[in-house]
There are 2 protein chains.
Amino acid sequence: MANRKDVAKLAGVSEATVSRVFNNIGPLRQETKQKVLQAAQHLNYHPNAIAQSFARGKSNNIGVIVPYFQKVNLMSTHYFSELLSGIGAKLSELGYGLLLLYQSPDESKDYVKLFHTQKVDGCIILGSKDVPGEVEALDKLHQLQLPYCLVNQTFSGYPFHSISADHLDGSLQAVSSLIMQGYKKIIFLNGPTEFSNSIDRLKGYETAMIKAGIPYNPKFVFQGNYSLKSGYLAARGIASLLPEINAIFAGNDRMAIGLMQGLSEQGYQASRDYALIGYDDSEISSITSPPLSTVHVPLFDMGQLAAEKVLQLISQGTMTVIKEQLPVTFIERASSQLRTPYTKQS
Amino acid sequence: MANRKDVAKLAGVSEATVSRVFNNIGPLRQETKQKVLQAAQHLNYHPNAIAQSFARGKSNNIGVIVPYFQKVNLMSTHYFSELLSGIGAKLSELGYGLLLLYQSPDESKDYVKLFHTQKVDGCIILGSKDVPGEVEALDKLHQLQLPYCLVNQTFSGYPFHSISADHLDGSLQAVSSLIMQGYKKIIFLNGPTEFSNSIDRLKGYETAMIKAGIPYNPKFVFQGNYSLKSGYLAARGIASLLPEINAIFAGNDRMAIGLMQGLSEQGYQASRDYALIGYDDSEISSITSPPLSTVHVPLFDMGQLAAEKVLQLISQGTMTVIKEQLPVTFIERASSQLRTPYTKQS
DNA sequence: TGAGAGAATGAACGCGTGTACATTTTATGT
DNA sequence: ACATAAAATGTACACGCGTTCATTCTCTCA
């Protein structure tokens, strides 16, 4: 493997000059540049990335932390895929590498160590939860002013850098659309409350109800874990309420679809017997029967933005706290428009 | 940031000894080890990963190359997610990092450069296609005996390292199951033939037909691009044949589901009017109505195996060509079992 | 108690690059 | 032609670690 010394010798210049050519630094005679480039090409020389990282004291990699579940593989959702693509697109555009880090639930979270070992210059944390240990780990990151960014998760009381979407508004729009159709009793199938976005959706649900003068009834709030199966399982409990109520809002599309299936096995069909709205606008939502009303979340853009912000933190050193919320869009499809409304309303 | 020198000074030993402690090398007095570890802890010392890579001459990272499409984001399929998870699980188990590399279609493929720059010690290539330039790039990798592994793609005439699944058998099983039910005219909605696994499936389809003494009819073979939409669009052409035929085999679940939706808009329902089989056993296949018959592919295992093999190539230097094929399993669900069979058969 | 062997530790260098500083070359104006 | 500044290039070292080889220490046995 050819190195700088070889190129310098072949081109008849010093190593520093080779370095200058490859980094476009300082005044250089055009003729010298050509000599060096030719020599480099002849030797098939490429600067050694590790040595560069070493000399520069930075890895040029961004770590992306993804939760890893052995059974319920969240990666199979379009959620992480979209975020990852957004992040990857922006990073490679700006010459950074993407180090994918699966976080096993058992091992202790030590984000700071990633920086100590210089494996990454910054990190983006996906799917973090409000569980013991997490806040402390993040706080340490923040206190040390290390470049990081959370995605779709906030922690009340802690001014962590984060990119999220306006899930309160999303739920509000979704639930309001049901209310406007005349529904007063609306079931909400929420995700785990360790995710702040679950809490945001709950707030949106409550807000919509209160706005409409409908009292908040905790009996109508169910909880799943965002998996297809949990939606399917929730069908049992929800079915018993269906004669009374016929509007459901689910925290994501997967639960909504699982629920749809579970309810159909009990004889209830979406858009015929009850109105249903999902969340995320995953690809599949548009082709269920009936097509699923949902809320579009700009995941790709969020990923891009998070990457951008982390790189800004890296280049600008410190910075005011990042806290951006991207807008979401309610998408009305057939599932939330009951063909025979009011028939079972109280 | 503390370094080895600081630890050595505080512990009152030489730098070499610190190194020995952290690498568990050579005979060490227990007492010395403790001193060093305490000093390290006190200074919050962690060996610098970049410097280690530099000194050892290897990055300790494996590059995973993933195709990147701006519009049709393949990452949103469970296909890449499962593979990635498998790879990630195995790599982190063995102490390697996963560098995710999105391959833009425009830029020239130069896998070798990744090694020249020392960014990775090996690479795993997902979703490569048989297009001009690809074979040459791979051949160069192979000639230079660099550690790499293809997943789910082979190139006839080239003994590239690869891990795949037995898609010929998968299709054979699927199509045979239709034949055994009495269907003689079976439509095959294939994916792009630049993927060797598409070709394998076609062979499986043909083999099953020939085995049953049914002549191969190219009129019954359609082509999509593995996207939901392409399945949906294929519905038009296929619908015109449905009065005559009523069994369809699709190259993946997404196309099958798109097709199902498209055909339902024309009044045809799976399992009532036609039998349908998909491929991949993606999560969604089990909850469509009717549940989709499909072929399970052990993607997670394939990812793990590919990672294992690349690491073997790294540690053992050269090696005989890797060419493993994992078995697949046909999963029969309602969609392929016509409720009123033979009614429209010729 | 002293020699010898083996255990334990230290000293020194290389890995390939970035870069501050020193030096040489070239251009400019007289 | 010469002084001067600016442009172009060279020299030398640092970065943090792995590792080889040399050195010191410790223990055993006579």
Side-chain angles (χ1 to χ4, degrees), chain A residues 1-40 43-61 95 97 113-121, chain B residues 1-40 43-61 95 97 113-121:
Chain A
M1 204 89 82
N3 61 18
R4 192 176 66 175
K5 198 200 280 183
D6 302 327
V7 176
K9 200 188 295 176
L10 182 58
V13 297
S14 74
E15 289 190 49
T17 299
V18 178
S19 214
R20 288 189 186 93
V21 170
F22 275 85
N23 294 302
N24 258 316
I25 286 178
L28 274 174
R29 195 181 304 174
Q30 198 58 27
E31 181 192 328
T32 313
K33 197 168 170 178
Q34 288 309 322
K35 265 195 309 188
V36 171
L37 287 177
Q38 275 177 29
L43 295 170
N44 195 20
Y45 166 77
H46 297 280
N48 182 313
I50 294 182
Q52 285 181 321
S53 290
F54 180 53
R56 293 185 180 131
K58 48 177 293 193
S59 68
N60 231 35
N61 284 146
K113 191 175 164 194
L114 286 175
F115 290 90
H116 264 139
T117 61
Q118 294 251 35
K119 271 179 120 60
V120 303
D121 301 334
Chain B
M1 203 88 83
N3 59 19
R4 192 177 66 173
K5 198 199 279 182
D6 301 328
V7 177
K9 201 187 294 176
L10 181 58
V13 298
S14 73
E15 289 190 51
T17 298
V18 177
S19 211
R20 289 190 186 94
V21 170
F22 275 85
N23 294 303
N24 258 316
I25 285 178
L28 275 174
R29 197 181 302 172
Q30 199 57 28
E31 181 192 328
T32 314
K33 197 169 171 177
Q34 288 308 321
K35 269 196 307 188
V36 171
L37 288 177
Q38 274 178 29
L43 294 171
N44 196 19
Y45 167 77
H46 296 279
N48 183 312
I50 294 180
Q52 287 181 317
S53 290
F54 180 52
R56 293 185 179 131
K58 48 178 293 194
S59 69
N60 232 35
N61 283 146
K113 191 175 166 194
L114 286 175
F115 289 91
H116 264 138
T117 61
Q118 294 250 40
K119 271 179 121 60
V120 302
D121 302 333

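Just so it is clear, the model here is predicted, and its values are computed rather than measured. Chain letters run A, B, ... following the sequence lines, proteins first, then strands; residues in each count from 1.
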OP1, OP2 of [N] versus side-chain N and O of [X]: anything below 4.0 Å?
{"X": "S14(A)", "N": "dT9(D)", "value": "no"}
{"X": "N48(B)", "N": "dC17(D)", "value": "no"}
{"X": "T17(B)", "N": "dG10(C)", "value": "yes"}

Rounded interatomic separation in angstrom, taking [atom1] from [X] and [atom2] from [N]:
{"X": "F22(A)", "N": "dG18(C)", "atom1": "CZ", "atom2": "P", "value": "10 Å"}
{"X": "N23(A)", "N": "dA20(C)", "atom1": "CG", "atom2": "C1'", "value": "15 Å"}
{"X": "L28(A)", "N": "dT9(D)", "atom1": "CG", "atom2": "C1'", "value": "9 Å"}
{"X": "R56(B)", "N": "dG16(C)", "atom1": "CZ", "atom2": "P", "value": "16 Å"}
{"X": "H46(A)", "N": "dT17(C)", "atom1": "NE2", "atom2": "P", "value": "12 Å"}
{"X": "D6(A)", "N": "dT17(C)", "atom1": "CG", "atom2": "P", "value": "9 Å"}
{"X": "I50(A)", "N": "dG18(C)", "atom1": "CD1", "atom2": "P", "value": "14 Å"}
{"X": "E15(A)", "N": "dA20(C)", "atom1": "CD", "atom2": "P", "value": "17 Å"}

Side chain of [X], backbone of [Y]: donor and acceptor closer than 3.5 Å?
{"X": "D6(A)", "Y": "K9(A)", "value": "no"}
{"X": "N60(B)", "Y": "G97(B)", "value": "no"}
{"X": "T117(B)", "Y": "K113(B)", "value": "yes"}

5' priority, DNA chain D, between P27(A) and R4(A) [closest heavy atom]: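 Residue closer to the 5' terminus by nearest nucleotide: P27(A).
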Nearest-nucleotide pick for [X], side chain only, options being [options]:
{"X": "T32(A)", "options": "dT26(D), dT9(D), dG10(C)", "value": "dT9(D)"}
{"X": "S19(B)", "options": "dT11(D), dT19(D), dT17(C)", "value": "dT19(D)"}
{"X": "A51(A)", "options": "dG14(C), dG16(C), dG18(C)", "value": "dG16(C)"}
{"X": "F54(B)", "options": "dT17(C), dG10(C), dG16(C)", "value": "dG16(C)"}
{"X": "Q52(B)", "options": "dC17(D), dT9(D), dG10(C)", "value": "dC17(D)"}
{"X": "I25(B)", "options": "dG16(D), dT19(D), dT17(C)", "value": "dT19(D)"}

Touch class at under 4.0 angstrom, heavy-atom based, for Y45(A) against every strand present: sugar-phosphate
First of Q118(B) and G12(B) reached from the 5' end of DNA chain C, by closest nucleotide: G12(B)
Residue met sooner reading DNA chain C from 5', once R29(A) and M1(A) are mapped to nucleotides: M1(A)
Can you give me every donor-acceptor pair (side chain of residues 52-59 of chain B, partner residue at least two apart or in another chain, under 3.5 Å) with its distance?
unit_1: S53(B); atom_1: OG; unit_2: A49(B); atom_2: O; d: 3.1
unit_1: S53(B); atom_1: OG; unit_2: K58(B); atom_2: O; d: 3.3
unit_1: S53(B); atom_1: OG; unit_2: S59(B); atom_2: O; d: 3.3
unit_1: R56(B); atom_1: NH2; unit_2: N23(B); atom_2: OD1; d: 3.4
unit_1: K58(B); atom_1: NZ; unit_2: Y96(B); atom_2: OH; d: 2.9
unit_1: S59(B); atom_1: OG; unit_2: N61(B); atom_2: N; d: 3.1
unit_1: S59(B); atom_1: OG; unit_2: K119(B); atom_2: O; d: 3.2
unit_1: S59(B); atom_1: OG; unit_2: D121(B); atom_2: OD1; d: 3.2

Check: dG18(D) base within 3.5 Å donor-acceptor of R20(B) side chain: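 Donor-acceptor pair under 3.5 Å: no.
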Heavy-atom pair with the smallest gap, counting every atom of V13(B) and K35(B): CG1-NZ, 4.2 Å
Salt-bridge criterion met for E15(B) and R4(B) (N-O under 4.0 Å): yes
Inter-residue atom distance Q118(B).CD - M1(A).CE, 0.5 Å rounding: 5.5 Å
L43(B) side, atom CG; L10(B) side, atom CG - distance, nearest 0.5 Å: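 One gets 5.0 Å once the value is rounded to the nearest 0.5 Å.
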Angle between terminal axes - the helix from dT1(C)-dA30(D) to dT30(C)-dA1(D), 5 pairs each end, rounded to 10°: 40°
